[in-house]
Amino acid sequence: MIGENHDSNPLQKLLDFLDDLDDRKIHYTLARHREAVMVCVNVPGERWEVEFFADGGVEVEIFRATESGVVGRPEADDALRRLLTDFAD
């Protein structure tokens with residue numbers, strides 16, 4: 001899971017997360033946004049934007065189809081754990 005042994009290596013944190021998505025067959029795209037690499041994930045009823053910053057920070061925004069705007073900025077580890085658990089094939 002994200003952040004488990006690579007807290008000091010932001011690139012490894014990103015690569016581990018992408019491996020987790022691949023293992024669970026969760027489709028994603030990558031983009032550069034602000035000063036971060038953004039992983040965009042579309043799952044049923046939700047769009048996730050997960051940003052990995054050079055300083056090791058991770059921000060998560062979740063957009064729901066039934067609501068307007070951002071659902072919130074949950075704690076990154078908890079939110080990503082839910083993404084990987086709830087939407088795995």
Side-chain angles (χ1 to χ4, degrees):
M1 176 56 61
I2 186 170
E4 280 180 4
N5 297 315
H6 304 288
D7 289 330
S8 62
N9 186 334
L11 178 58
Q12 190 63 55
K13 189 184 294 187
L14 170 61
L15 294 173
D16 288 346
F17 178 62
L18 296 177
D19 284 342
D20 285 340
L21 291 172
D22 289 339
D23 290 346
R24 289 163 176 83
K25 296 180 173 73
I26 298 173
H27 179 73
Y28 61 88
T29 58
L30 300 176
R32 180 174 177 207
H33 182 68
R34 299 189 295 171
E35 299 297 321
V37 173
M38 183 173 15
V39 182
C40 301
V41 181
N42 291 310
V43 293
E46 296 179 353
R47 184 179 85 241
W48 291 61
E49 294 180 355
V50 184
E51 293 178 293
F52 290 81
F53 293 87
D55 66 1
V58 177
E59 289 184 11
V60 177
E61 290 185 290
I62 304 166
F63 301 86
R64 291 206 175 111
T66 58
E67 300 176 18
S68 61
V70 176
V71 171
R73 291 187 179 205
E75 287 297 317
D77 286 339
D78 291 338
L80 297 180
R81 196 169 287 111
R82 183 173 82 79
L83 170 67
L84 295 171
T85 302
D86 291 356
F87 298 103
D89 264 350

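FYI, side chains are in, hydrogens and waters are out, and symmetry mates aren't considered; it's all heavy atoms of this structure.
Every residue two or more places apart in sequence or in another chain was checked for a side-chain hydrogen bond (donor to acceptor under 3.5 Å, both in side chains) with Asp23, and none qualifies. Remark: Glu49 engages Arg47 in a side-chain hydrogen bond (donor to acceptor under 3.5 Å, both in side chains) (not counting sequence neighbours). In this structure, the side chain to side chain contact (heavy atoms under 4.5 Å, CB included) partners of Leu18, at least two apart in sequence or on a different chain, are Leu14, Leu21, Tyr28, Leu30, Val39. Asp86 pairs by the salt bridge (Lys or Arg N to Asp or Glu O under 4.0 Å) definition with Arg82, not counting sequence neighbours.
Expressed to the nearest 0.5 Å, how far CD1 of Ile62 lies from CD of Glu46 amounts to 6.0 Å. Separating the CD1 atom in Ile26 from the CG atom in Asp20 is a distance of 9.0 Å, to the nearest 0.5 Å.
Under a hydrophobic clustering in which Ile, Leu, Val, Met, Phe, Trp and Tyr are joined whenever their side-chain heavy atoms come within less than 4.5 Å, directly or via other members, Val37 and Val58 fall into the same cluster. In the hydrophobic cluster analysis, where Ile, Leu, Val, Met, Phe, Trp and Tyr join through side-chain heavy atoms closer than 4.5 angstrom, Phe87 is grouped together with Leu84.
In plain terms, the two heavy atoms of Arg81 and Thr85 that are nearest each other are O-OG1, 2.8 Å. Nearest heavy atom pair, residue Gly56 against residue Lys13, reads O-NZ, 2.7 Å.
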Give the intermediate values and the outcome of side-chain contact (heavy atoms from CB on, under 4.5 Å) for residues Leu83 and Val60.
-> CA-CA 11 Å; Leu83 170 67; Val60 177; over 6 Å; no
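Ring geometry for Phe17 versus Phe52: interplanar angle of 30 to 60°, hence tilted.
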